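Here's the structure we're looking at; comments come further down.
Below, read A as the first sequence line, B as the second, and so on, with proteins coming before strands; counting in each chain starts at 1. Bear in mind the structure is a predicted one, so any value in this text is a computation, not a measurement. The basis for the numbers below is simple: all heavy atoms, side chains too, and nothing from hydrogens, waters or symmetry mates.
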Amino acid sequence: MDRFVWTSGLLEINETLVIQQRGVRIYDGEEKIKFDAGTLLLSTHRLIWRDQKNHECCMAILLSQIVFIEEQAAGIGKSAKIVVHLHPAPPNKEPGPFQSSKNSYIKLSFKEHGQIEFYRRLSEEMTQRRWENMPVSQSLQTNRGPQPGRIRAVGIVGIERKLEEKRKETDKNISEERGGIMSLTEVYCLVNRARGMELLSPEDLVNACKMLEALKLPLRLRVFDSGVMVIELQSHKEEEMVASALETVSEKGSLTSEEFAKLVGMSVLLAKERLLLAEKMGHLCRDDSVEGLRFYPNLFMTQS
Amino acid sequence: MAMSFEWPWQYRFPPFFTLQPNVDTRQKQLAAWCSLVLSFCRLHKQSSMTVMEAQESPLFNNVKLQRSKGHLFLLPDSSLKYLWRKAEGRQQTEGKLPVESIQIVLEELRKKGNLEWLDKSKSSFLIMWRRPEEWGKLIYQWVSRSGQNNSVFTLYELTNGEDTEDEEFHGLDEATLLRALQALQQEHKAEIITVSDGRGVKFF
C-alpha cells in the first residue's frame, strides 16, 4: 500500500482513460483499510482511486509498478476481487497515504460489480504497455528517472509547440533521408505516427505548415501547379535540382517519372513534380502516348 | 511519292507528336510543324488536301518512330541526329499527331496566310507554300521586268506558257494563282477578267 501517491486525479496530456468503476474498496494485502468506497479509474498509464465521499482524497499507482494481476471470483457475501502484485516503491517516491507497508500486493474489491470487465481491460493495458510509447509529465516519473516534461498545450502556445515537435520530426527526416523535400502526405504520416495520440488532422497540418515561414522556421510549404503540397528545407533549391534532373534525363535519352524516381531514389510523386517543374522551366519536353508519359531534353529550344 | 524528301530531325523526335504544354516550347514545335507541312506539300506538289488525307498521310504519322532509348548524336558534319539503339524486345510504335493537334497546326498555317479552308465544315483546305501575296509579287515582278504591263494573259499562259518556263510560278495550281492575282487586284496592280475560254488577267 506504500506504492500509492497522492494525485489530483486529472489526466495528463497523452494519458487516456480506459475504464472506471464505482464502489471499489482497497485492501493492503489482506487487511481492510479506511479506503472502503471509491471510484477506481484505469488509464493508459495509471490506476487511480478516488474516494466517493471525499473527492479530494485521490491516489494512484503507475501501471509500470505492477508485476502481475490475479482474479478472485466472488463468493457468498464476498465481492469479486483483483489482486495486484507490485514492484517495490522507488526511493524518491512522492508522498502518498502510507509511508511503509509489509505487503507487496493490494486487493481491489468490486462491491458494485464490474470486476470482470475491469480485469480484462487492466490485462490489456498490461500487455500493450502503452505508457512506454507515450511520454507524460515529470510528475508521473517511473523508476527510470525523470522524463522530458511537457505541459498541456493550449492556444497559440499550443500551436507553436506542435509546430516545434513537427519541425524536429520532419527536420530530421527531410535533411537526413529525403533530399531536402517531402510531400505533405509523407509528413502527415510521420508526424502522426510519432505522436500516437492526439493526432493532427489534415487541416491542422496544412494550417500549421502555412505558418512555417512566419514563425521563422527553416522549413517552408510549397504548392506545385498540380496542387501537390510539399515541405522543403529553406535551403533546398528545387530549381537547382531541376538542372541535375535535366542532366539525368539527357544521359538516359528519356525517362518516365517512375524510371527517374528509381534512378534518383525519390518518391514517384515528387519525381513527377520535379520533371514537371523542369518542363515548365523549358528544360524538358514531353512525349505523351499509349506507352505513357515520357520526358525528353527540350531539343525544340536547344536546336535551331 | 518523292523518295528524296528529307524529313527534319523533329520528325524522329517523339515529343514532336505531343502538343507541348509549355507555351514557348509549343511555339517552336508549331513553327516546325508549319515548316514541315509546307515543304512536304511543295515537294509533292500538293496544293490541296482533306483533313482525312492529312490524318492518314506520313506527314502526321511516323510509322517508324521509336520511343525509348533514344540518344542524341553530334555528327562530324555538326548536324544533330536523334538516333536510337534497338530497344530489346520492344515493338516499334508509331508517332501519330492526334487530330486535335493537326487542327491546331492547320489553324497556325491559316493565320500565317498559307492555308485557306475550302468549305464551311473545314474538311478540306488549300495549302500554299508561298502566300498569295508573295506569289503576286513574283508574278508582277516578271511582268514588269519583261515590260508587259498593260498586257492581258490567260491564266493558262501565266502558269504554263513558254515564256514563264524559268519562273518559279510556272506550274502553279489555279486556285493559288487566282488568289495571287486577287492580292494584286487589291493593290490595283491587276484586274481579273473573263476571256473567251475562261479567265484572264490584265496587269497595270
Side-chain angles (χ1 to χ4, degrees), chain A residues 223-228 238-264 268-304, chain B residues 7-36 60-75 78-98 100-101 105:
Chain A
V223 186
F224 287 111
D225 292 345
S226 59
V228 166
E238 187 64 13
E239 281 73 10
E240 285 171 9
M241 296 289 112
V242 159
S244 90
L246 172 59
E247 259 188 66
T248 310
V249 173
S250 302
E251 268 171 47
K252 301 290 178 182
S254 72
L255 289 172
T256 62
S257 305
E258 292 77 13
E259 288 165 355
F260 180 67
K262 205 169 170 184
L263 266 173
V264 173
V268 177
L269 181 77
L270 291 185
K272 184 161 187 188
E273 289 304 323
R274 187 164 291 174
L275 294 174
L276 287 174
L277 183 60
E279 181 190 44
K280 187 177 174 180
M281 290 168 69
H283 298 305
L284 297 178
C285 59
R286 67 168 61 190
D287 163 41
D288 205 347
S289 72
V290 290
E291 298 219 335
L293 179 61
R294 229 165 226 293
F295 290 91
Y296 287 73
N298 189 356
L299 300 183
F300 294 113
M301 300 306 269
T302 56
Q303 308 312 116
S304 49
Chain B
W7 295 101
W9 68 265
Q10 290 95 335
Y11 191 68
R12 274 183 275 270
F13 187 48
F16 196 44
F17 296 87
T18 300
L19 192 66
Q20 296 299 313
N22 179 311
V23 167
D24 298 324
T25 309
R26 180 185 297 199
Q27 225 169 33
K28 296 274 186 178
Q29 180 193 22
L30 288 177
W33 270 115
C34 288
S35 180
L36 174 57
F60 294 109
N61 287 279
N62 181 353
V63 295
K64 294 200 288 194
L65 186 75
Q66 268 210 22
R67 298 211 115 81
S68 60
K69 314 277 189 215
H71 288 275
L72 208 61
F73 290 93
L74 187 66
L75 297 183
S78 295
S79 67
L80 262 145
K81 276 219 149 45
Y82 195 80
L83 302 173
W84 53 92
R85 286 189 290 233
K86 219 162 171 190
E88 306 78 40
R90 264 188 116 107
Q91 286 178 351
Q92 281 182 353
T93 57
E94 55 168 14
K96 201 179 167 74
L97 194 67
E100 305 79 24
S101 304
V105 173

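With a 4.5 Å cut-off on non-hydrogen atoms, Q29(B) touches chain A through its backbone and its side chain both. Only the side chain of N298(A) comes within contact range of chain B, judged by heavy atoms closer than 4.5 Å. Interface remark: N22(B) contributes side-chain atoms only to the contact with chain A (heavy atom separation under 4.5 Å).
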Below 3.5 Å, can you tabulate the donor-acceptor pairs from side chains in residues 241-249 of chain A to any protein atom, sequence neighbours excluded?
residue : atom : partner : partner atom : Å
S244(A) : OG   : M241(A) : O            : 3.1
T248(A) : OG1  : S244(A) : O            : 2.9

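Applying the side-chain contact (heavy atoms from CB on, under 4.5 Å) criterion to E258(A), with sequence neighbours excluded, gives T256(A), V268(A).
Each of A32(B), P98(B), P21(B) has some count of heavy-atom pairs under 4.5 Å with chain A, and the biggest count is that of P21(B).
Salt bridge status for E279(A) with R286(A): present, with a side-chain N to carboxylate O gap under 4.0 Å.
Between F16(B) and L65(B) the shortest side-chain heavy-atom distance does not fall below 4.5 Å.
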